[in-house]
Number of protein chains: 2
Amino acid sequence: MAKNFIYLCEMLLSPSQENYLKAIYKLEAREGIATNQALAALVEATPASVTNMLRKLTDAGFAEYEAYQGATLTAAGRNEAVTLVRKHRLWEVFLVEKLQYDWDAVHALAEELEHIGGDELINRLDAFLDHPAYDPHGDPIPNAKGVVRTRQHAIAASDAKEGDVFVVCGVRDSSSLFLQHLDKLNIALGKAYTLKECLEFDRSAVWVEQEGALTNVSNEVAKNVLIQLTDE
Amino acid sequence: MAKNFIYLCEMLLSPSQENYLKAIYKLEAREGIATNQALAALVEATPASVTNMLRKLTDAGFAEYEAYQGATLTAAGRNEAVTLVRKHRLWEVFLVEKLQYDWDAVHALAEELEHIGGDELINRLDAFLDHPAYDPHGDPIPNAKGVVRTRQHAIAASDAKEGDVFVVCGVRDSSSLFLQHLDKLNIALGKAYTLKECLEFDRSAVWVEQEGALTNVSNEVAKNVLIQLTDE
DNA sequence: GCCTTTTTTTAGTCATGGCTAAAAATTTTA
DNA sequence: TAAAATTTTTAGCCATGACTAAAAAAAGGC
């Protein structure tokens, strides 16, 4: 009877555990493997705390963990992580679209909100927001089944060539500092530009808006802006 | 310098601490004094845990607490508690109005959401919802300054007399069980009725809807339904 | 292949917020 | 007013999730 209970009762994760799963998920995507140290940096804890938590997540069946080999997610763990990403991004859409927050101010709040409630809440929020495909930073929102559609044809703006016509569709850096810098440059998601000129000296570039306004974009900025080339 | 920091840095409360403040607030309103035992029941903990927490809240300046005398809130504590009530009720409005939840299903979620974020978030939510005055259960929502407008002229339906015409404006019991029972009786906030007959035998009553439908309402139900008598 | 450096783990602590069981204080009853 | 019942507190314990400092393991340099 007690054994049955274990099977019937869905495993509950603490917010802290959820953050670790999300961190492993991000690192798997970024560098293939989640080292102890990288995890410590992401969750803002010490490596010792990470070891401790990884053991728990492994015991609970959400991660695979071999000493000195780094962590990977199990199917269950990946599922949790994707759901968290979904929740995070949907709340960001809500905060920007409905509560009129600036795109650079929503991360911390979404980080709190993503731990609330279960599938019911998030699916209702999704419907209320009209099933958005992207969050305010251009990142794709996993659907209710956990499928993440990867952004097609997106490249870093630093890889564009003179004469290219493109639309800004995402950012690599979602920090408030970077996003506010884009605001100052008048660069926003969905805007179209033509790359007028690449300057060899500092690898910066001159972008032309459709209305003719010129923007000088440093290579450091361009590396963190994602674009889609358009046909013409 | 360190001393200044204390003055400048707003005191942060844990979710658990916030729940205690809310509980004291409710008990103060309901019975004037918050006994240790009543608090234990409300926050679902043991009296020993309550003693423990009350000492912390007293040290932090949010409650006054004399051994064996029960707890009261300080101005700071009351302020926190009212803000929590405001957050709770605004989230309930959001869940019912925007996410189409049933009124009997929102309490637990609002209980989680009320601990998220600060004034900025809740004031934006308030504006988004168009500054609602009442939550889905008819309870008044404190404004941004912490002013709670008490419901005027509300009485228990069990105090109505034969021939009285009234509008349902609130409930005393927000449990899912009771609210679903009201659903079955077709009783909802804002609906108008005439009290056709009081039955002496079991103190139940017959209500007539404007469209003529009859509802038999037990005294137990009537005691938990709040109404406003209308002129005619 | 050994020595140094880096990474990870162990061991021991701490704060939070619970718990139980027993003791103490208060209130009620007779 | 004294005994009984209730309420509150104390004392000691537990789990979670952090931390530090030291030990151990792995990786790199030569």
Side-chain angles (χ1 to χ4, degrees), chain A residues 2 6 9 11-24 27-28 30-72 77 80-81 84 111-112 114-115, chain B residues 6 9 11-24 27-28 30-72 77 80-81 84 111-112 114-116:
Chain A
I6 292 171
C9 166
M11 190 53 174
L12 285 186
L13 291 157
S14 69
S16 180
Q17 291 175 317
E18 294 187 335
N19 285 336
Y20 276 88
L21 291 182
K22 227 180 27 164
I24 300 171
L27 289 175
E28 273 190 346
R30 280 219 291 260
E31 13 223 280
I33 194 96
T35 70
N36 219 312
Q37 214 169 34
L39 277 172
L42 256 194
V43 301
E44 299 188 284
T46 58
S49 302
V50 173
T51 299
N52 193 38
M53 183 60 93
L54 284 180
R55 239 193 293 272
K56 285 183 205 171
L57 291 173
T58 300
D59 291 350
F62 293 101
E64 303 277 348
Y65 178 59
E66 292 273 323
Y68 290 91
Q69 301 302 303
T72 47
E80 286 295 329
L84 282 166
E111 205 76 8
E112 292 189 66
E114 71 190 7
H115 301 293
Chain B
I6 292 170
C9 167
M11 190 52 175
L12 284 186
L13 291 158
S14 70
S16 180
Q17 291 175 317
E18 293 186 337
N19 285 336
Y20 276 88
L21 290 182
K22 227 178 31 160
I24 301 170
L27 289 174
E28 273 190 346
R30 280 220 290 260
E31 13 225 282
I33 193 98
T35 70
N36 219 314
Q37 216 169 34
L39 276 172
L42 255 196
V43 300
E44 299 189 281
T46 58
S49 302
V50 173
T51 300
N52 193 38
M53 183 60 94
L54 285 180
R55 238 194 295 272
K56 285 183 206 170
L57 290 173
T58 301
D59 290 350
F62 292 101
E64 302 277 348
Y65 178 58
E66 292 273 323
Y68 289 91
Q69 302 302 304
T72 48
E80 286 294 329
L84 282 166
E111 205 76 6
E112 292 189 64
E114 72 191 5
H115 301 292
I116 303 290

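So you know, we letter chains A, B, ... as the sequences are listed, proteins then strands, and number each from 1.
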Exercise for the section: Tell me whether the OP1 or OP2 atom of D:dT16 has a side-chain N or O from A:S14 closer than 4.0 Å. Expected result: no
Completion exercise
Residues passing the salt bridge (charged side-chain N to carboxylate O under 4.0 Å, His left out) test with A:E18, sequence neighbours excluded, are none
Practice task
Sequence neighbours left out, what passes salt bridge (charged side-chain N to carboxylate O under 4.0 Å, His left out) with A:K22? Give chain and number order.
Solution key: A:E111, A:E114
Identify the two heavy atoms, one from [X] and one from [Y], that lie closest to each other, and give their separation to 0.1 Å.
X	Y	result
B:A34	B:L27	CB-CB, 3.8 Å
A:Y20	A:A45	OH-CB, 3.8 Å
A:A23	A:L39	CB-CD2, 3.6 Å

Completion exercise
The correct set of residues in residues 47-59 of chain A placing a heavy atom under 4.0 Å from DNA chain C is A:P47, A:A48, A:T51, A:R55
Would you please name every residue forming a side-chain contact (heavy atoms from CB on, under 4.5 Å) with [X], sequence neighbours left out?
X	result
A:Q37	A:T35
B:A40	B:P47, B:V50
A:A48	A:T46

To the nearest Å, give me how far apart [atom1] ([X]) and [atom2] ([N]) are.
X	N	atom1	atom2	result
A:I33	D:dA27	CD1	P	12 Å
B:E66	D:dT8	CD	P	14 Å
A:N36	D:dA24	CG	C1'	14 Å

Handout entry: Relative orientation of the end axes in the helix from C:dG1-D:dC30 to C:dA30-D:dT1, expressed as an angle to the nearest 10° (five pairs per end)
Key = 0°
Problem - Which residues share a side-chain hydrogen bond (donor to acceptor under 3.5 Å, both in side chains) with B:T51, sequence neighbours left out - result: B:N36
Fill in the blank from the handout: Across all chains, not counting sequence neighbours, the side-chain hydrogen bond (donor to acceptor under 3.5 Å, both in side chains) partners of A:S16 are none
Handout entry: DNA chain C: 5'-most and 3'-most nucleotides touching chain B, 4.0 angstrom heavy-atom criterion
Key = C:dT16 to C:dT26
